[in-house]
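Below is one structure, written out as structure tokens; comments come after it.
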Amino acid sequence: MKDNLLETDVVVIGAGPNGSMAAFSAAKKGLKVIIAEEHPEIGIPAHCAGLLSVKGLKRIGVTPPSKAIENKSIKGAHFFSPSGKHFSVERNEVQAYVVDRREYDKWVASKAKKKGTEIMLNSKIEGFIQKNGKIEGVYGKTRKKDTFKIKADIVIDAEGHTARLLRQTRLPLPDPSKKVVAVQYEMANVYDIDSNFVEIYFGKNVAPGFFAWIIPQREGFAKVGLAANKRNAGKLLKFFVKKNPLVSERLKKAIIRELSASMIPLGGPPKKTFTDSFVSVGDAAGQTKPTTGGGVITGGLSALYAGYIAAKAVRENDTSEKIIKQYEGLCRRALGKEFSAMLLLRKTIDRFSDKSIDKLFDTVKKYNLVEEIEEKGDIDMQSHVIRSTLRHPRVVLTLISAIFDSLISS
Ligand SMILES: Cc1cc2nc3c(=O)[nH]c(=O)nc-3n(C[C@H](O)[C@H](O)[C@H](O)COP(=O)(O)OP(=O)(O)OC[C@H]3O[C@@H](n4cnc5c(N)ncnc54)[C@H](O)[C@@H]3O)c2cc1C
């Protein structure tokens, strides 16, 4: 396919879960769609814990096949403070599945393919075809160094957190200073782990700027990882596994089967994610939850809107901003207040010292806020529980005293 020129209605950059979801959504509406993916295999390399809420999967209309599901019984979470204080949140019904992202991504891509999407593997997009500043497609290279061009009415950029191509547009990027480095082991020989609960660990020595996690897969297997605002996340993870008093004994015999590392944007979507004939979705558009780093559901929902608006624009033969901006309108309506609330919580927690987090754990336990979290919490749509907990006088007092402490210490 030397110097190949292809033409299509929509070209999607990246066959991650959100790129494939956008392609599925556009192809379902009858559009001709091409996905260009730089890697030879979809879902590889995998770098994700794969914790997806049951409600969230329903929201994006997805029922993953059983071969993509590693654990179907997550009912809650155990939270641990820096000094080892602990509380648990548990519901009667299953709250989340743990999926294998290699299989999940392949399956979402196959859904898009079934609707007619063409998937070009080994095809790295290097830039945009532009005329008078307007994007009219993409160009790239295959692994064999053959060049290709794809002319398209709409380009959907789902390239992930690097947002390298997005830099070639005039659009703002997700705040790079708010990215955390995430490292994860997939481990075997893991015992004494409750298969119904994920474990979350806070603390400046554990995972500064985020948290560490243990996510049970099938019996004897778990994903153990952390993200941090420091480059040494890999060292922190080693330390967590080998030395953390609440963890090391249980992981003493564990074996690392797979190590992965990547970054998670936590600063929320930038001010604008569209221009004429172009939208960004998923991690490239900062659609990752600032509290937990999850981006498959929030990105997936936005990707569905991207495909829907792309179809509308092509049908109406108008791919100008006038139509394309409706994409961002839909995203804001569905997720705007969620992102605002999650950003507020992220900013607040980032100011906390370990002592303040410990105090917050005391407050949660003393005033039985667990019940409120259990009743109102939603893994993806967190604004309701954040707002209602922040309204609690004791929480406000704890927050004020934490912020005061942090001001004094800084
Ligand atoms: C350690 C870790 C744990 C996580 N855990 C969770 C979790 O439990 N739950 C959750 O919801 N989210 C989680 N996330 C976040 C989640 O992985 C991302 O939000 C999600 O992968 C974003 O999907 P995406 O399609 O936007 O981007 P990506 O998954 O990054 O996909 C981008 C795709 O684009 C391709 N690409 C990039 N550049 C080009 C190019 N120039 N040309 C062609 N192809 C290109 C890439 O190869 C890739 O396939 C986690 C992230 C990390 C790092």
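Order of appearance sets the numbers: ligands from 1, and atoms from 1 within every ligand. Throughout, numbering of the chain's residues begins at 1 and tracks the sequence.
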Item to check | Arg218 to Phe221 six-membered ring, cation-pi geometry met (6.0 Å, 45°) | outcome: yes
Checklist outcome for this item: atom 23 (O) of ligand 1: of Thr292, Val108, Asn18, the nearest heavy atom sits on Asn18
Checklist entry - Considering only heavy atoms, does Ile264 approach ligand 1 within less than 4.0 Å through its side chain, its backbone, both, or neither? => result side chain
Checklist entry - Where does His39 meet ligand 1, judged by heavy-atom distances below 4.0 Å: at the side chain, the backbone, both, or neither? => result side chain
Next on the checklist: Taking the ring centre of each residue, are Tyr327 and Phe274 less than 6.0 Å apart?
Outcome noted: no
Item to check | Protein contact to atom 38 (N) of ligand 1 [nearest heavy atom, distance to 0.1 Å] | outcome: Glu38 OE2, 3.4 Å
Checklist outcome for this item: If we number the atoms of ligand 1 from 1 as shown, the ones under 4.0 Å from a heavy atom of Gly282 are 26 (O)
Next on the checklist: I'd like to check which ligand 1 atoms, numbered from 1 as shown, lie under 4.0 Å from a non-hydrogen atom of Arg101.
Outcome noted: 16 (C), 17 (O), 20 (C), 21 (O), 29 (O)
Item to check | For Ser262, the ligand 1 atoms whose distance to one of its heavy atoms is below 4.0 Å | outcome: 53 (C)
Item to check | Minimal non-hydrogen separation, Pro216 against Asp194, with atom names | outcome: CG-O, 3.6 Å
Next on the checklist: Using a 4.0 Å cut-off to any heavy atom of Pro17, which atoms of ligand 1 qualify?
Outcome noted: 23 (O), 25 (O), 29 (O)
Item to check | Nearest non-hydrogen protein atom, atom 8 (O) of ligand 1 | outcome: Leu51 N, 2.9 Å
Checklist entry - Does Arg164 approach ligand 1 within less than 4.0 angstrom via side chain, backbone, both or neither, non-hydrogen atoms only? => result neither
Checklist entry - Between Arg102 and Glu258, is there a salt bridge with N-O shorter than 4.0 Å? => result yes
Next on the checklist: Taking atom NZ as the centre, does Lys347 end up with more than 12 heavy-atom neighbours from other residues, nucleotides or ligands that are less than 6.0 angstrom away?
Outcome noted: no
Next on the checklist: Please confirm whether Glu126 approaches ligand 1 to less than 4.0 Å, judged on its heavy atoms.
Outcome noted: no
Checklist entry - Which one holds for Ala284 and ligand 1: side chain close, backbone close, both close, or neither close, with close meaning a heavy atom under 4.0 Å? => result neither
Checklist entry - In the protein, which heavy atom is nearest to atom 22 (C) of ligand 1, and how far is it? => result Asp283 OD1, 3.2 Å
Checklist entry - Using 30° and 60° as the class limits, which term best fits the ring planes of Tyr201 and Phe80: parallel, tilted or perpendicular? => result parallel
Checklist outcome for this item: Among Cys48, Gly16, Ala163, Ala182, closest by heavy atom to atom 13 (C) of ligand 1 is Cys48
Item to check | Side chain, backbone, both or neither: the part of Leu52 lying under 4.0 Å from ligand 1 by heavy atom | outcome: side chain
Next on the checklist: Please list, in number order, the atoms of ligand 1 under 4.0 Å from a heavy atom of Gly50.
Outcome noted: 7 (C), 8 (O)
Checklist outcome for this item: Per-atom filter on ligand 1: closer than 4.0 angstrom to a heavy atom of Lys124 are 41 (N), 42 (N)
Checklist entry - Applying a strict 4.0 Å limit to heavy atoms, is Gly56 in contact with ligand 1? => result no
Checklist entry - Looking at atom 27 (O) of ligand 1, what's its closest protein heavy atom, distance included? => result Gly160 CA, 3.6 Å
Checklist entry - Can the ring centroids of Phe87 and Phe361 be said to lie less than 6.0 angstrom from one another? => result yes
Item to check | salt_bridge(Glu41, Lys106) N-O dist < 4.0 Å | outcome: yes
Item to check | Options Ile125, Asn122, Ile297, ranked by nearest heavy atom to atom 41 (N) of ligand 1, top entry | outcome: Ile125
Next on the checklist: Quick test of your reading of the model: are Asp146 and Lys144 salt-bridged, counting only N-O distances below 4.0 Å?
Outcome noted: no
Checklist entry - Does Gly293 have a non-hydrogen atom less than 4.0 Å from ligand 1? => result yes
Item to check | Sidechain-backbone polar pair: Lys365 side chain, His86 backbone, donor-acceptor under 3.5 Å | outcome: yes
Item to check | Quiz item: cation-pi between Lys115 and Phe24, 6.0 Å / 45° | outcome: no
Next on the checklist: For atom 48 (C) of ligand 1, what is the closest protein heavy atom, and at what distance to 0.1 Å?
Outcome noted: Glu37 OE1, 3.5 Å
Item to check | Carboxylate-amine/guanidinium contact Glu38 Lys141, below 4.0 Å | outcome: no
Checklist entry - Looking at side-chain heavy atoms only, is the closest gap between Leu5 and Lys151 below 4.5 Å? => result yes
Checklist entry - Do the ring centers of Phe128 and Phe278 come within less than 6.0 Å of each other? => result yes
Next on the checklist: Using a 4.0 Å cut-off to any heavy atom of Gly295, which atoms of ligand 1 qualify?
Outcome noted: 10 (C), 11 (O), 12 (N), 15 (C), 19 (O)
Checklist entry - Among protein heavy atoms, which lies nearest atom 5 (N) of ligand 1, and at what distance? => result Ala49 N, 3.0 Å
Checklist outcome for this item: Under 4.0 Å between heavy atoms, the region of Leu165 that gets near ligand 1 turns out to be side chain
Next on the checklist: Between ligand 1 and Ala158, can you find any atom pair, the residue atom being a heavy atom, that is separated by under 4.0 Å?
Outcome noted: yes
Next on the checklist: With nothing but distance in play, are any N or O atoms of Ile13 less than 3.5 Å from an N or O of ligand 1?
Outcome noted: no
Checklist entry - Looking only at heavy atoms, is any part of Ala36 under 4.0 Å from ligand 1, and if so is it the side chain, the backbone, or both, or is it neither? => result backbone
Item to check | Numbering as shown, the atoms of ligand 1 that approach His47 to under 4.0 Å (heavy-atom distance) | outcome: 2 (C), 17 (O), 51 (C), 52 (C), 53 (C)
Checklist entry - Does the pair Lys179 and Met263 meet the rule for a side-chain contact (heavy atoms from CB on, under 4.5 Å), with working shown? => result CA-CA 6 Å; Lys179 274 190 192 181; Met263 295 187 91; 4.0 Å; yes
Checklist entry - Among protein heavy atoms, which lies nearest atom 34 (O) of ligand 1, and at what distance? => result Gly14 CA, 3.2 Å
Next on the checklist: Between Glu328 and Lys271, does any NZ, NE, NH1 or NH2 come within less than 4.0 Å of an OD or OE carboxylate oxygen?
Outcome noted: no
Checklist entry - So Phe210 and Trp213, would you call those rings parallel, tilted or perpendicular, with 30° and 60° as cut-offs? => result perpendicular
